[in-house]
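The model shown is predicted, which means the values in this text are computed figures rather than measured ones. Order of the sequence lines sets the chain letters (A, B, ...), proteins ahead of strands, with each chain counted from 1.
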Amino acid sequence: MSSTNTAKGTRDFSRNELAKRNYLFDVIKDSFTRFGFAPLETPAMENIETLTGKYGDEGDQLLFRILRSGDFLKDLEPEDLSHEQAKKIRSAIADKGLRYDLTIPFARFIAKNHAQLGLPYKRFQIQPVWRADRPARGRYREFYQCDADVAGTTSLLSDTEFILIVDDVFNRLKLPTSVYKLNNRKVLAGFAQTLQRADAMTDMTVAIDKLDKIGMEGVEKELAARGFNNEDIDKIKNFTAIEGNNNERLDQLQNLLAGNEMAVKGIAELREVLGYVNACTLQNTRVEVDFSLARGLNYYTGTIYEVQLDGVNMGSVASGGRYDNLTESFGVKDVPGVGLSFGAERLYDVMEQLDLFPATLGNNCQVLVLNLDEKHNAAYLNLSNQLRNSGIATELYVQKAKLGKQMKFAEKREIPYVLIAGETEFAAQQYQLKNLETGEQNGYSLSQIIEILNK
RNA sequence: GUGAGCAUAGCUCAGUCGGUUAGAGCGCUGGUUUGUGGAUCCAGAGGUCGCCGGUUCGAACCCGGUUGUUCACCCCA
């Protein structure tokens, strides 16, 4: 007998969970659409070379590879089949893999079609991705990403529009207020340059990104472990300690890094985005410049951001940034991009925790037509269909059972009404409609029932 | 990838020192009610105690392995 477990790190979604997930996705989609983004779907699987080398060594490890069909060992020699040859064997027997994120498939799509599409091109994509990671709480091997990206423009208006999208989505989901942490990779890179260490940028950002988690002391240890001397560490401390409102922070930074061209450019970009934001009225989120925000991914080159909800201990629920070369690895140069990703699974958890899903959600039927006697089957079916034709979601109980059982069924399915029809009702063309919540029950004609249920 | 815990009915969990036939609540089925749910009462079904092996006269309980799962790190969404 086979196990009923789903594969490790994967989940079934019940009707109730899907009702909520779809609600969440629909709000996000609606907002993306309103901002002019068009939907895109790409295949679950890509050619393996599309995926490898894009996410670093660790990312390659986490790719799900798909075994070739047929006799995939015929070109291998017996001596190839040893542990030392694992890499060679892997590429020989697996030529496809499951997508690891939505950005690379988008980059491939843009690289392939940029001439026809016309740039800038704005797409959103809500699809599952797969990672052969070890599952943990809130972390799965199959999970959804909600991405929106703009390809083909360096305009910071695009960066700013993502702030407006987050504000719109969170506002409509009735989420608590949020802080939109904003930084610019050029500031970090410029600052790293002043430390005179070629590798400083990555090592420094990895360390200061943990500031929230491990505190300044922990960051100092981490920096020391990564080979920064005390002078550097002091500079980094001063850098992350900058305080005040956004303008004050930027002014201080300007003084600190005035001599560095790269940093000055980053500061100017931050000022431009803030200028645009100030022209709009935000309802949910407030933008906060935060120089300790680093974001792990190395391909960001300009604006970076991360959004956190006030009073919710969930980490960031949306994040993204700007990258200069979206499509370079596919042989197309000079296509910059900027994007945003909602943390769908996390948002779902927050909504659940705070009980923010509307109570009336669901793919529930309005009415269940009860089955009192199978000799009326044709009449029940006809009745049900007339209700459906009038736009009322109707379920027919397809076999005879005790009325109590059928009502319990309706209750379990959260169907608010039952329609009871037997000998006398069909004779009189007057059917019993019962409201399961109030217990109220009366005889009505079909057209009256349609009127009541359509309210 | 590292460390620790947990695994008993459909679900949530008890289970004494290793000792006869492994229990409860909820849920389910039937009855009270052959055309009316939620409440009460009564009855019933449902278990290879995750799996494999070991110790023992005897294992849900002790030991080893394995699989699943949870938590904390690492990393990430």
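- Distance from the side chain of A:Q441 is smallest for B:U36 among the nucleotides B:U36, B:G37, B:A77.
- Checking B:G35, B:G38, B:C76 against every side-chain atom of A:I420, the shortest atom distance belongs to B:G35.
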ask   = Reading nucleotides 66-72 of chain B 5' to 3', which nucleotides get B (base under 4.0 Å from a protein heavy atom), which S (sugar-phosphate only), which -?
value = --SS-S-

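- Residue A:E423 is in base contact, counting any heavy-atom pair closer than 4.0 Å across all strands shown.
- The NZ atom of A:K434 sits 5 Å away from the C1' atom of B:U36 (whole-angstrom rounding).
- With hydrogens and angles ignored, no donor-acceptor pair under 3.5 angstrom links the side chain of A:Q432 to the base of B:U36.
- Here B:U36 presents its P atom at 17 Å from CG of A:N442, a figure rounded to the nearest Å.
- Distance, A:L63 CG to B:C76 P: 16 Å, rounded to whole Å.
- With respect to A:K400 and A:D373, no salt bridge is recorded, no charged nitrogen being found less than 4.0 Å from a carboxylate O.
- Taking atom P in both B:G38 and B:U29, one finds a spacing of 12 Å when rounded to whole Å.
- Comparing the P positions of B:A60 and B:G50 gives a spacing of 10 Å, expressed to the nearest Å.
- Using cut-offs of 30° and 60° for the angle between ring planes, the A:F239 and A:F191 rings count as parallel.
- When each of B:A77, B:G38, B:G35 is scored by its nearest atom to the side-chain atoms of A:F143, the top-ranked nucleotide is B:A77.
- If A:Y140 and A:M407 are placed on RNA chain B by their nearest nucleotide, the residue sitting closer to the 5' end is A:M407.
- Partner of A:E46 under the salt bridge (Lys or Arg N to Asp or Glu O under 4.0 Å) criterion, out of A:K54, A:R108, A:K96: A:R108 alone.
- Less than 6.0 angstrom separates the ring centroid of A:F124 from the ring centroid of A:F32.
- Electrostatic pairing of A:R388 and A:E395 does not count as a salt bridge here, judged by no charged N lying under 4.0 Å from a carboxylate O.
- Residues satisfying the side-chain contact (heavy atoms from CB on, under 4.5 Å) criterion with A:A111, sequence neighbours excluded, are A:T327, A:F330, A:V332.
- If you measure from atom CG of A:L433 to atom P of B:G37, you get 17 Å, rounded to the nearest angstrom.
- For the P atom pair drawn from B:U8 and B:G47, the interatomic distance equals 15 Å after rounding to whole Å.
- A:E437 comes within contact range of at least one nucleobase, with a heavy-atom separation under 4.0 Å.
- Following rounding to the nearest Å, A:D133 (CG) and B:C74 (C1') show an atom-to-atom distance of 10 Å.
- In this structure, A:K405 atom NZ and B:U29 atom P are separated by 6 Å, rounded to whole Å.
- With rounding to whole Å, A:E440 atom CD is found 17 Å from B:G38 atom C1'.
- Nearest nucleotide to the A:E425 side chain, out of B:G35, B:C28, B:C76: B:G35.
- At a threshold of 4.0 Å, the pair A:R123-A:D149 counts as salt-bridged, since one of the basic side-chain nitrogens sits closer than that to a carboxylate oxygen.
- Rounded to whole Å, atom C1' of B:U33 lies 12 Å from atom NZ of A:K408.
- The A:R139 side chain lies nearest to B:C75 when the options are B:G37, B:U36, B:C75.
- Residues A:K8 and A:E142 are not paired through a salt bridge, judged by the lack of any N-O separation under 4.0 Å between the basic side chain and the carboxylate.
- Judged by closest nucleotide on RNA chain B, A:G439 is the one of A:G439 and A:E345 placed further toward the 5' end.
- Across all strands, A:S316 comes closer than 4.0 Å to no nucleic acid atom at all (heavy-atom distances).
- Annotation: B:G37 and B:G27 have their C1' atoms spaced 16 Å apart (nearest Å).
- Salt bridge present: A:E423 and A:K375 bring a charged side-chain N and a carboxylate O closer than 4.0 Å.
- Here the nucleotide nearest the side chain of A:L372, chosen from B:G35, B:G37, B:A77, is B:G35.
- The base of B:G35 does not come close enough to the side chain of A:K402 for any donor and acceptor atom to sit less than 3.5 Å apart.
- Nucleic acid contact for A:G422: base, since at least one base atom lies under 4.0 Å from a heavy atom of the residue.
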